[in-house]
Asks: 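One structure follows; several queries about it will come next.
Each chain gets a letter, A, B and so on, in the order its sequence line appears, and its residues count up from 1. Bear in mind the structure is a predicted one, so any value in this text is a computation, not a measurement.
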There are 2 protein chains.
Amino acid sequence: MLQQRSSSLAFFLSSSLRRSLLLQTSSSAQRCRRAYSIHAGGSVGEKIQDIDPSKLTITKTTTPKDLLPPEELIFGRNFTDHMLSLEWTASQGWLPPRITPYQNLSLDPATCVFHYAFECFEGMKAYKDKDGHIRLFRPDMNMARLNKSSARIALPTFDGNALIDLIGKFVKLDQRFIPETRGYSLYLRPTLIGTQRTLGVGPPASALLYVIASPVGPYYPTGFKAVSLEATDYAVRAWPGGVGDKKLGANYAPCILPQLQAASRGFHQNLWLFGEEDFVTEVGTMNLFAAMKNKETGQKELLTAPLDGTILEGVTRDSILALARERLEPKGWKVLERKFTMKEIADATDEGRMLEVFGAGTAAVVSPVRKISWKGRMVECGLSENQEAGPIAQQMKDWMEGIQYGDEEHPWSYKVL
Amino acid sequence: MLQQRSSSLAFFLSSSLRRSLLLQTSSSAQRCRRAYSIHAGGSVGEKIQDIDPSKLTITKTTTPKDLLPPEELIFGRNFTDHMLSLEWTASQGWLPPRITPYQNLSLDPATCVFHYAFECFEGMKAYKDKDGHIRLFRPDMNMARLNKSSARIALPTFDGNALIDLIGKFVKLDQRFIPETRGYSLYLRPTLIGTQRTLGVGPPASALLYVIASPVGPYYPTGFKAVSLEATDYAVRAWPGGVGDKKLGANYAPCILPQLQAASRGFHQNLWLFGEEDFVTEVGTMNLFAAMKNKETGQKELLTAPLDGTILEGVTRDSILALARERLEPKGWKVLERKFTMKEIADATDEGRMLEVFGAGTAAVVSPVRKISWKGRMVECGLSENQEAGPIAQQMKDWMEGIQYGDEEHPWSYKVL
């Protein structure tokens with residue numbers, strides 16, 4: 001699956017093809033020669049190396065960090081002793097992986113990641129189960145998505161299983177940073193950046209893939225806290241033909257100003273709408289689910305927007321859909337991936353059919369929604385005043401964490417050996 | 001003008017306001033506390049420092065580089081001896097500017113520029129005139145645009161005149177790198193990146209503004225070379241409510257794959273279309289101009305797309321429009337900023353009304369277009385087989401360079417004293 005997906009998107013990324021593009025275009029415009037000239041090294045047909053975990057070298061830190069008390073953990077602020085790094089060049093492919101002490105990157109100020117946003121990343125977590133084993137959750141999904149993100153911005157693809165193997169070794173080395181307590185985990189951030197140091201706008205001829213790890217506490221330390229959203233139409237996160245379905249750095253910085261504007265009006269996140277119809281797409285940096293009764297049949301429905309190219313292909317989204325199909329449909333629910341509008345949500349509320357709304361993502365797993373500000377009105381989302389989560393959000397969190405922490409043996413849980 | 005523009009967009013960026021947002025939201029969701037907690041330093045009302053050129057410190061290199069022979073200059077590949085750097089923090093504002101030897105940046109791997117594309121830049125040039133004076137071209141336009149770009153992604157704004165002053169000092173120090181020959185110049189790359197080292201998605205509490213300089217040759221060393229374009233509708237560069245009018249890194253990486261695909265079919269650049277109507281927006285990394293005779297009146301018209309939020313606000317575009325209004329309209333031309341479609345271009349060609357088409361940008365000044373592939377047909381753009389540029393492209397290049405190199409005294413040319 002991974003290979004199939006990435007190979008179609010990576011079609012233009014093999015360096016031999018890059019070279020043939022160079023040959024095709026070098027006789028014509030000066031502009032293209034400049035943009036592609038850096039790919040001329042190496043001979044066509046040369047074997048390009050994929051990631052090879054057997055070549056891993058490990059340099060351990062001589063100054064191990066103190067562990068922070070769990071209550072002082074802040075998301076993505078403190079990191080473990082080490083990091084995993086892999087360099088790539090267009091002529092050689094993936095160079096031997098290295099685990100080294102956590103350290104600064106030293107990059108020329110002309111490096112393309114600083115100018116043209118050649119960067120993509122993943123968010124995933126490592127958990128300790130009750131027997132002390134380390135577990136990852138569906139890491140193959142993260143590898144497949146990172147390959148798709150990377151290919152979309154002309155960065156290299158790689159063997160996902162090889163990187164999972166290396167991430168396992170890295171996490172095992174730094175396992176003392178994984179908190180034992182339920183709700184805690186080690187957040188992993190695989191990051192892939194273009195490192196070519198020229199200002200010409202073209203495909204990077206070198207890249208760096210690195211993984212850093214930050215111990216994190218539960219998203220809601222004192223239990224669920226339902227959030228309030230501002231339905232946002234003046235700023236548009238993603239569009240057809242764009243890159244909103246990829247986990248690119250480019251999708252994040254433009255969302256901060258609308259987030260600050262929503263916050264200034266008292267809302268925690270933006271609910272990103274799309275088009276004149278006010279289609280519901282995503283919330284903040286999460287996918288969105290709405291549970292409501294069907295207007296005609298009264299059947300309970302769990303709705304989320306389809307993967308039409310404008311929706312991030314969330315691993316939590318996919319997992320919730322699968323669990324709902326397996327465990328809610330037998331109880332009479334209908335699970336739907338379809339476009340739906342803000343008006344449908346408001347109508348369900350007005351007509352007493354609204355059950356609950358929640359966001360879904362790696363950081364919070366699920367994030368219940370209390371209300372949404374839309375066109376000057378406040379749309380309540382099914383919670384009573386003292387209720388912080390609906391039953392489906394609670395159920396999904398329990399099912400997900402049961403699998404993530406290994407209470408329930410499940411193929412999604414990947415045990416690091 | 002600069003102040004007016006940037007202040008409206010920078011409304012959410014003053015750190016005192018950021019702090020008030022923190023106060024408003026810190027009592028509600030955990031997510032917001034995490035995102036904004038880094039802004040809690042400093043007291044409200046504290047004076048935030050703008051850029052102060054009088055505090056500049058200069059550390060000269062002890063290993064000056066050799067100058068490259070002009071024919072070996074490649075765009076954005078080689079840099080001068082020094083760089084200009086300014087750090088910013090939310091609590092202190094802009095710290096004293098520094099000119100240092102050109103050197104690597106050392107950044108924590110969690111730095112937000114690597115993850116969320118907190119980055120924007122400018123492209124501008126320094127020229128040597130016939131008397132040996134250094135000249136910049138409309139640097140106030142670059143400063144205004146950098147402020148708008150920065151504000152849009154929650155990075156800091158600054159006093160544009162202060163930065164022009166500093167850029168002047170930097171260029172003067174490295175002036176031996178500005179080639180004397182006509183057509184050559186020193187390309188300047190002001191770059192502004194977020195440097196906060198946490199993975200929380202929020203406004204960066206620290207940033208780095210730096211300027212590097214690369215000596216460059218003429219875009220077309222042997223004279224104009226007309227390019228061929230592929231009209232692109234399957235990938236969409238910009239969208240209303242998006243950030244396509246800002247010079248953000250985020251706008252560049254997603255355009256490389258379509259560029260490679262166009263190149264694989266023999267085209268030099270993408271012509272980015274928009275919407276079902278196939279509106280013409282931009283070409284590659286340039287604005288586009290089309291010169292054609294009006295269907296009804298026969299009057300000569302110079303067309304370019306309006307600044308509707310999806311078009312980069314090019315300095316060259318603005319300059320060509322102004323020159324055309326001043327110097328072509330008296331000769332009977334009509335200059336129009338309006339939406340126009342690919343069909344209008346094709347119709348003009350089919351009906352013998354097409355005069356010429358060219359791109360406009362800092363790197364090439366103007367870039368003549370020979371033909372455009374669109375919906376399976378090839379639309380010729382007014383050039384005869386052996387002609388590499390139309391008369392308007394040639395005239396605009398001559399006028400622009402006359403001003404840029406100081407042959408014609410003009411308010412757009414900024415003399416570095």
Side-chain angles (χ1 to χ4, degrees), chain A residues 12 21 24-25 28-32 34 74-77 79 83 104-110 113-119 121 152-154 189 191 193 198-203 210 212 214 219-220 225 227 234-236 239 241-243 249-250 252-254 256-257 260-261 263-264 268 285, chain B residues 12 21 25 28-32 34 74-77 79 83 104-110 113-119 121 152-154 189 191 193 198-203 210 212 214 219-220 225 227 234-236 239 241-243 249-250 252-254 256-257 260-261 263-264 266 268 285:
Chain A
F12 283 91
L21 291 180
Q24 280 175 39
T25 56
S28 33
Q30 195 68 11
R31 181 183 312 127
C32 286
R34 286 174 178 163
I74 294 173
F75 177 80
R77 179 86 81 83
F79 296 87
M83 62 191 291
N104 275 14
L105 308 179
S106 177
L107 293 169
D108 189 288
V113 67
F114 296 129
H115 301 270
Y116 307 128
F118 285 106
E119 55 188 77
F121 66 94
R152 182 59 186 84
I153 51 172
R189 173 56 63 94
T191 309
I193 62 174
T198 70
L199 299 182
V201 180
Y210 62 89
I212 53 178
S214 171
Y219 205 75
Y220 301 103
K225 280 277 181 192
V227 297
Y234 67 88
V236 178
W239 52 86
V243 292
Y252 290 79
I256 302 303
L257 206 57
L260 291 174
Q261 290 174 341
S264 74
H268 303 101
T285 57
Chain B
F12 284 91
L21 291 181
T25 57
S28 34
Q30 195 69 11
R31 181 183 313 128
C32 286
R34 286 174 179 165
I74 293 174
F75 177 81
R77 179 85 81 86
F79 296 88
M83 62 192 292
N104 275 15
L105 308 179
S106 177
L107 293 168
D108 190 288
V113 67
F114 296 129
H115 301 269
Y116 307 128
F118 285 106
E119 56 187 77
F121 67 93
R152 182 60 186 82
I153 52 172
R189 172 56 63 94
T191 309
I193 62 174
T198 71
L199 299 182
V201 180
Y210 62 89
I212 53 178
S214 171
Y219 205 75
Y220 302 103
K225 280 277 181 191
V227 298
Y234 66 90
V236 179
W239 195 268
V243 291
Y252 289 80
I256 302 302
L257 207 56
L260 291 174
Q261 290 174 341
S264 75
H268 303 102
T285 57

Asks: Given B:Y116 and A:I256, is the side chain to side chain contact (heavy atoms under 4.5 Å, CB included) satisfied, shown in steps?
Replies: CA-CA 10 Å; B:Y116 307 128; A:I256 302 303; over 6 Å; no
Asks: Look at the side chain of A:W239 and the backbone N and O of B:V236, then say whether any donor-acceptor pair between them is shorter than 3.5 Å.
Replies: yes
Asks: Are B:T191 and A:P109 side-chain neighbours, meaning at least one heavy-atom pair lies under 4.5 Å?
Replies: no
Asks: Any side-chain heavy atom of A:N104 sitting closer than 4.5 Å to one from B:D108?
Replies: yes
Asks: Could you have a look at B:A235, B:G242, B:P254 and say which one has the most heavy-atom pairs with chain A under 4.5 angstrom?
Replies: B:P254
Asks: By a 4.5 Å heavy-atom criterion (distance strictly below it), what part of B:I212 contacts chain A: side chain, backbone, both, or neither?
Replies: side chain
Asks: Taking side chain to side chain contact (heavy atoms under 4.5 Å, CB included) as the test, write out the residues that go with B:S214, two or more places apart.
Replies: B:F79, B:V216
Asks: Does the side chain to side chain contact (heavy atoms under 4.5 Å, CB included) test come out yes or no for B:F121 and A:L199, once each step is laid out?
Replies: CA-CA 11 Å; B:F121 67 93; A:L199 299 182; over 6 Å; no
Asks: At their closest point, which heavy atom of A:Y210 faces which heavy atom of B:H115, and how far apart are they?
Replies: OH-NE2, 3.6 Å
Asks: Quick check for you: to the nearest 0.5 Å, what is the distance between B:F114 atom CZ and A:F114 atom CZ?
Replies: 4.0 Å
Asks: Relative to chain B, which segment of A:L105 carries a heavy atom at a distance below 4.5 Å: side chain, backbone, both, or neither?
Replies: both
Asks: What part of B:V113 lies closer than 4.5 angstrom to a heavy atom of chain A: side chain, backbone, both or neither?
Replies: both
Asks: Grab the two heavy atoms, one from A:A250 and one from B:A117, that are nearest each other, plus how far apart they are.
Replies: N-CB, 3.6 Å
Asks: Are the side chain of B:Y252 and the backbone N or O of A:V201 linked by a donor-acceptor pair below 3.5 Å?
Replies: no
Asks: If I compare all heavy atoms of B:L260 with all of A:P203, which pair ends up nearest, and what's the gap?
Replies: CD2-CG, 3.9 Å
Asks: Identify the heavy atoms of A:R77 and B:T198 that sit nearest to each other, and give their distance.
Replies: CD-CG2, 3.3 Å
